[in-house]
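Okay, so here's the structure we're looking at.
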Amino acid sequence: MKIERIKLSLLELDYVHFFETSFGREYGRTFIIVTAAADGQRGYGEVVASAAPLYSAETTTTAWHVLKDFFIPMVFAEKIGGPEGFAKAARRFRGHPMAKAGLELALWDLEAKSAGVPLAQLYGGTKTEIEAGVSCGIEDSLAELLDRIAAFLAEGYRRIKIKIKPGWDIEACAAVRGRFPELALQVDANGAYTIADKERLKKLDVFGLKMVEQPFAPYDLWDHARLQGEMRTPICLDESIVSETSARQALEMKSGRIINIKVGRVGGMVEARKIHDTCQASGIPVWCGGMLESGIGRAHNLHIASLPNFRLPNDLSASNRYWKQDLVEPEIVLEKGSLIRVPTGPGIGVTPVEERMRKATLRSEVFTG
Ligand code: OSB
Ligand code: MG
């Protein structure tokens, strides 16, 4: 396939409800959509970097820079025609996984559309629907957190994750367990603790959590191993897993028993699939994490989560959990049984609505070969 045009668009959308993690509170998201055009088709990818370097070192500005000055010129200069060629060529550039993934995903969408098949089929996905869960941010009070969880359960969600940080952890879990004794519950610290907090974290064992996600900093594989050795609850690694190599090393070190896959964090689907396969071969289940994506990024995640070793409920919720109006049609909806269908149309199987895209766009730039 000859890529004719690549467009970068910077978009801004407000959340239906603020989202607070151990990094702070946010009311909306700024993100980049990559559009790649060839043969009358358009492929879309989402760059999940935020405006500020909190979850990861990348920002929308660094992503725009490396896409514009390095990755996009490379695609045209080397006549790269597909996602696998791009992933291979982009390896020469260090870092910037979210920027790489955004462009790679646009090329995957384009490749699937030109083959006339859903992305899940191209990936070898085996599921037609995936298990949905909700990630609940930190609230002003425990009462508000419980009300929000109750509302999500009433909508049909069956797995809830809550964000924790020092001072919003043991009490929060005790409150949620008190009200919802049987709930499939897990927690995510986004690296807010250090090994000095080991004894406090071990107290989480009494709550019957499905997992404790990323208690320590991304580079702290060793401390995660020390905690996991003393804790019954499985540790799930998010920020720590940046490649197949780091996944393999984490499993060898016993730093955790579950891995969450985010395609942006690991630099694209080629790498994400390697992590999936390594985990599958080691008997380690994975699930799909989220970055509060628009419908474009979330549709991509649905296809990725159709692979067989995605064996735990995902941070994939319906459009209306995030946005008043999603960018895509059809919007993503929750089905009975806390499930979301994997779209069946060609490519990502959802279509960005021009008018909604235009309204959310802060700036855009088109590049041609
Ligand atoms: O750590 O999983 C995380 C959102 C932004 C940054 C980091 C994380 C999250 C989420 C959101 O938990 C999950 C979702 O998209 O529904
Ligand atoms: Mg996480």
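Whatever order the structure lists them in is the order used to number ligands and atoms, beginning at 1.
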Exercise. Do Gln214 and Ser240 have a side chain donor and acceptor closer than 3.5 Å?
Worked result: yes
Seminar exercise, completed: the protein heavy atom lying closest to atom 9 (C) of ligand 1 turns out to be Gly290 O, 3.4 Å
For this session: Using distance alone, decide if ligand 1 has a nitrogen or oxygen within less than 3.5 Å of any nitrogen or oxygen in Tyr55.
Result: no
For this session: Number the atoms of ligand 1 from 1 as they appear, then name those within less than 4.0 Å of a heavy atom of Lys163, with their elements.
Result: 1 (O), 2 (O), 3 (C), 8 (C), 9 (C), 10 (C), 12 (O)
Exercise. Under 4.0 Å from ligand 1, counting heavy atoms only, is it the side chain of Leu316, its backbone, both or neither?
Worked result: neither
Seminar exercise, completed: With Lys163 as partner, the option from Asp238, Asp315, Asp188, Asp169 fulfilling salt bridge (charged side-chain N to carboxylate O under 4.0 Å, His left out) is Asp188
For this session: Report the part of Val134 in contact with ligand 1, treating N, CA, C, O as backbone and CB onward as side chain, heavy atoms under 4.0 Å; options are side chain, backbone, both, neither.
Result: neither
For this session: Before giving the answer on ring pair (Phe, Tyr, Trp, His ring centres under 6.0 Å), spell out for His276 and Phe310 the whole-Å C-alpha distance, their side-chain angles and the decisive distance to 0.1 Å.
Result: CA-CA 8 Å; His276 168 273; Phe310 283 78; 5.7 Å; yes
Exercise. When you measure from atom 1 (O) of ligand 1 to every protein heavy atom, which one gives the shortest distance, and what is it?
Worked result: Asn190 ND2, 2.7 Å
Exercise. So which protein heavy atom does atom 15 (O) of ligand 1 come closest to, and at what separation?
Worked result: Leu292 N, 2.8 Å
Problem set entry | Proximity flag Tyr322 to ligand 1, non-hydrogen atoms under 4.0 Å | yes
Exercise. Side chain of Arg298, backbone of Leu316: donor and acceptor closer than 3.5 Å?
Worked result: no
Problem set entry | Side-chain donor-acceptor contact under 3.5 Å, Tyr193 with Asp223 | no
For this session: Using a strict cut-off of less than 4.0 Å between a Lys/Arg side-chain nitrogen and an Asp/Glu carboxylate oxygen, indicate whether Asp277 and Arg273 qualify as a salt bridge.
Result: no
For this session: Please name all residues satisfying salt bridge (charged side-chain N to carboxylate O under 4.0 Å, His left out) with Glu139, sequence neighbours left out, ordered by chain then number.
Result: Arg148
Exercise. If only atom types and distance count, is the side chain of His224 paired as donor or acceptor with the main-chain N or O of Asp220 below 3.5 Å?
Worked result: yes
Problem set entry | Total protein N/O/S atoms whose distance from the Mg ion (ligand 2) is less than 2.8 Å | 3
Problem set entry | Close N or O approach (Asp188, ligand 1; < 3.5 Å) | yes
Exercise. Does the Lys100 side chain pair with the main chain of Phe93, one donor and one acceptor, at a distance under 3.5 Å?
Worked result: yes
Exercise. Passes salt bridge (charged side-chain N to carboxylate O under 4.0 Å, His left out), Glu78 versus Lys88? Steps please.
Worked result: CA-CA 12 Å; Glu78 298 177 18; Lys88 194 165 177 215; over 6 Å; no
Exercise. Are the side chain of Arg321 and the backbone N or O of Ser135 linked by a donor-acceptor pair below 3.5 Å?
Worked result: yes
For this session: Work out whether the distance between some heavy atom of Lys262 and some atom of ligand 1 is less than 4.0 Å.
Result: yes
Seminar exercise, completed: Under 4.0 Å between heavy atoms, the region of Asp238 that gets near ligand 1 turns out to be side chain
Exercise. For atom 6 (C) of ligand 1, what's the nearest protein heavy atom and its distance?
Worked result: Met291 SD, 3.6 Å
Exercise. Side chain or backbone of Glu213 under 4.0 Å from ligand 1, or both, or neither, by non-hydrogen atoms?
Worked result: side chain
Exercise. Short question: side chain of Glu46, backbone of Ser294 - any donor-acceptor pair under 3.5 Å?
Worked result: yes
Exercise. For Phe19 and ligand 1, does the shortest N/O to N/O distance drop below 3.5 Å?
Worked result: no
Problem set entry | Glu293 bridged to Lys262 by N-O distance under 4.0 Å | no
Exercise. With a 4.0 Å cut-off, would you call Glu252 and Arg248 a salt bridge?
Worked result: yes
Exercise. Quick one: does ligand 1 sit under 4.0 Å from the side chain of Lys161, the backbone, both or neither, non-hydrogen atoms only?
Worked result: side chain
For this session: Please write down residue, atom name and distance for the protein heavy atom closest to atom 12 (O) of ligand 1.
Result: Ser135 OG, 2.9 Å
